[in-house]
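As the structure is a prediction and not an experimental result, all values here were calculated from the model. Per chain, numbering begins at 1; letters A, B, ... match sequence-line order.
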Amino acid sequence: MENFTNETIDTKALPRFEAVQLSPIDPKYWRVILISIIGFFLLGIAIMVTLFFLVEEEFEHKPLLFSAYVTVFAIALLLSRISFKKKAYAFRTHDVIFRSGIIATNTMVIPYNRVQHVALHEGFIARFFGLAKVEIFTAGGISSDLEIPGIAKEEAENIKQLLMGKIQKQL
Amino acid sequence: MESNFNQPQRQSLVGILVIFLEMIFQLLKAMWPIIVITLLKANSLSVLIGSLTLLAVAVYFGVYSFLKYRNFTFYIDEENEEFIISDGIINKTKTTIQLHKIQQVNIKQNLIQRLIGVYALDVDTAGSDKKEGNIKAISHDLALALKSKLLENEGKKVAVSEEEIAAEKPEYQAIPFLKVNLGSLLKIGITSNYVKSVGLILTFFFTIYENLHQAGAEDVISTEKLEGFVDNNSVWYSGLLFVLIMFSVVFLINIGRTVIKFFDYTVTKQKGSLMLTYGLINTQSTILKPEKVQIVKVSRNYLQKKLNVLEIKIRQAISDEKKDNKSLIEVPGCNAFERDEILRLLFKQVPEKGVMMKPNFRKLIFSIFLIIVLPLTVYFLFGKYVEPRVFEYANVAVFFAIFMLVLLFFGFRNYRLFVNDNHIIKQSGAWDVDHEIIEIGKIQAITTSQLFWHKSLNIGSLTMHTAGGNITFHLGKFDKINEYVNLWLYEIETSNSNWM
C-alpha cells in the first residue's frame, strides 16, 4: 500500500491513436475486389443479353437499360476503390486500430484485453493471391467485431499468433 | 475413456449423414409448397424433370456434405491452451478460442441427431450472437470428454459459484431495499409510453374494424352514422372529442399495463447482488449482478420531474441469446433519492456529470432537413404534380412542421455528453430526457467517425461499444473526442477491470 501513488495523467502526453502511421492493406487485395465485381458484372451482362435475345419484343430502350447498368457498376467500382484505399490497420502494444469507410472515415480501436477470440478467414478468390482476412471478436456483439481483409497469409498467421499471445498475457 | 484431442480430428463419420439430412430438411422446409404443387399437377414430363432435379440436388448435397465433413477439423492446442476449429470448403475459416474464454459448452441433440445416435457440441464465449464453435456429430462419450477437457480450468470457478449460491440461499428473506408503491406506479402509468399505447390502440381498432368488415357486419358501425355525426357537429368539435377519448383510453391502458406488470415491485439486496420481484398476475423475479451491468438508462420527462418519479432501465451483458429479454431490467417509478441509492449500489458511487460536450449546430440543421424539409418537399411535390387535393390538409402539415421543430430543438438542447474520471453519461431526448451511464472500464471497443467535409470543421462522432449495446454521440468537437479516446484507451489498457 505504501507504494501506491495516484498522480494526475497528462492527457496531452498520452500516445495518440489518431496520429499512428497505419499500414495499408495488401495491394493485391484490389485484384480480389476487381475480380469479384467484374464477375458480377459479367453475370449480369450474360443474363441481360439472354433476356434481350430470347424475349426481344418485351424490352424497349435497350441501350438506355444497358448504359444505366454500366453506370451503376462504374459507381460501384469507384466506391470500392475509395473504400480499398481507405482501409488501413496498425497493431500497437496494447490495441489494434482499423480505419475504413467511404464518405466517412471510421477508426475503430480494440484493446487486446477485450478480445474474445480470433479467426482467420480465407476467401476463394483471395486464396489465389495468398491473402487472408483476420477476424477479431469482442463481447460487444457484431458492431464491435473487426475484420481486416487483404493481409498476406503468413503475416496474418503472425498477427493471429501475436493476438493470441497478447490475450493470454492479460490474465 | 481417455481421449486425446491434441491432433486435428474430424467428426464422427456419420456426420456426413447429419449434414446431408439437415440440408434436405432445410430445403424441404423452404420449398414444400412448390413441391406439393408440382406433385398435384404432375404429368409424366414434369415427374421426369422433377426426379432428375431431385437426383441432382441429392448428389450435390451428398458431395457438399462429404467435403464439408472432410474439411471440418477440431483440436486442442495444449501448449497454447487453445481450441482450434477449421471449417469451409471454398472459403476457409480457422477459429481460435482460448480455453479460459470459453463460457459454456452445450451438448445437444436434435431429431436427426437422435435418429442417428450422435450429439452436437456447441462452444460459446461471451458476446457475439452466433455460436463460435459448433460440432455437428460426435459420440456421447467423446462429447463429454471434450467438454470436460474444454472446461478443465473452468471447473474450479463453477464449483465456487455454486457454493456461493448455496450460501446465499438462507438470506433470501432480506429486508426490501426499495419498494415501489402503487402511487408511483400510477404516476409512471400516466406520464409515460404515450406513443406505444397510441400504437396499440390503433392496431386494436384497425383489427376490429377489419374483422367486422370481413364478417359483413358493416351495419354495426355504419360509416354513414359516423359521417352524419361529423356533419352535424363541427369538425373541430368531433376532432376534440376524438382526441379526448383517445387520451383517456391511453391513460387507462397505460395505468393498467404498468400496474399489472410492475405491481408490488420489490428490490432486495443480497450479498452484493440485487433481487427484483414484481408482477400482479405472474410474479417475476430476476437477479441483478452489479458487475454484469453495462448500461444504466435513467429517463424522466417534464411531468415526471414535477411528480418526482423516474424510470431506470439496466442493460446487462448478453451471454446467452435465450436470456436476451432478461438482459434488460426495468425499475419503474422510483424517486431521485432511490435512484441515487441504486446507482451507488451498481457503480459504488453516484456518477457525477463531469465535463460537458455539446454537439455542433449542424446536428440540428441536419435533423430538421431530414425530418421536416424532406417530407414537406415530398408533400408539396406530390400535391403540385399528382394530387392537388392533399393541399386541403395543409394545416396538418403546418402543425407537423411546428411540432417537429419544437421537438427537434429540445432534443438538440438536451443532447449532451458528460465525461468524468470513471463514467460517461449521454443525455438525450426531447420530451423523455434519458441519461445513459456507462463505466469506462466496460467499454469493449471505440469507433470514431468523421465525414470528409467535417474534417476542416473539426467535428465528428464517437461510438462506445459495450457488451450491453452501443452509445453514440454525434458531431462533437473531434479533437476533444480523440483526446478522450486516448485517455480511455490508456485506462482500459493499463488496468484489468472486470467488465462482466
### Task
Would you mind reporting whether B:Lys94 and A:Lys160 have side-chain heavy atoms less than 4.5 Å apart?
yes
### Query
When rounded to the nearest 0.5 angstrom, what distance separates OG in A:Ser143 from CD in B:Gln444?
10.0 Å
### Summary
The interface call for B:Phe452 against chain A, heavy-atom contacts under 4.5 Å, is both
### Message
Atom CD of residue position B:Glu352 - does it have more than 12 heavy atoms of other residues, nucleotides or ligands inside 6.0 Å?
### Response
no
#### Entry: Contact winner vs chain A - B:Leu487, B:Asn470, B:Asn482, heavy-atom pairs under 4.5 Å
B:Asn482
### Query
Are any non-hydrogen side-chain atoms of A:Pro15 and B:Asn486 less than 4.5 angstrom apart?
no
### Message
side chain to side chain contact (heavy atoms under 4.5 Å, CB included), that's the test. Do A:His117 and B:Thr95 meet it? Break it down for me.
### Response
CA-CA 8 Å; A:His117 69 276; B:Thr95 309; 3.5 Å; yes
### Close side-chain approach of A:Phe17 to B:Thr448, heavy-atom, < 4.5 Å
yes
### Query
Which distance, rounded to the nearest 0.5 Å, do you find between the CZ of A:Arg99 and the OG of B:Ser449?
12.5 Å
#### Entry: Within-4.5 Å side-chain heavy-atom neighbours: A:Arg114 and B:Ile492
yes
### Query
What's the spacing between A:Leu120 CG and B:Thr96 OG1 if we round to 0.5 Å?
7.5 Å
### Message
Between B:His465 and A:Met108, is there a side-chain heavy-atom distance shorter than 4.5 Å?
### Response
yes
#### Entry: Contact winner vs chain A - B:Thr463, B:Ile85, B:Thr494, B:Ile443, heavy-atom pairs under 4.5 Å
B:Ile443
### Summary
Scored by heavy-atom pairs under 4.5 Å with chain A, the best of B:Val485, B:Thr447, B:Ile89 is B:Thr447
### Minimum-distance pair of heavy atoms, taken over all atoms of B:Asn91 and A:Phe124
OD1-N, 2.8 Å
### Task
Verify the neighbour count for atom NZ of B:Lys477: are there more than 12 heavy atoms of other residues, nucleotides or ligands below 6.0 Å?
no
### Query
Do B:Glu82 and A:Met164 touch side chain to side chain, with heavy atoms closer than 4.5 Å?
yes
#### Entry: Closest heavy-atom pair and its distance - B:Thr93, A:His121
OG1-ND1, 2.6 Å
### Message
Within the supplied structure, the quantity of interest is the number of heavy atoms (other residues, nucleotides, ligands) at a distance under 6.0 Å from A:Phe40 CZ; does it exceed 12?
### Response
no
### Task
Find out whether B:Lys92 and A:Arg127 are in side-chain contact, i.e. whether some heavy atom of one side chain is under 4.5 Å from a heavy atom of the other.
yes
### Task
With salt bridge (Lys or Arg N to Asp or Glu O under 4.0 Å) as the test, would you mind laying out the steps for A:Arg16 and B:Glu483 before giving the verdict?
CA-CA 8 Å; A:Arg16 289 168 52 199; B:Glu483 201 177 295; over 6 Å; no
### Query
Is there side-chain contact between B:Glu493 and A:Asp95, with at least one heavy-atom pair below 4.5 Å?
yes
### Query
Would A:Gln161 and B:Asn80 count as having a side-chain donor-acceptor pair, cut-off 3.5 Å?
no
### Message
Tell me whether the count of non-hydrogen atoms from other residues, nucleotides or ligands lying under 6.0 Å of OH in B:Tyr490 goes above 12.
### Response
no
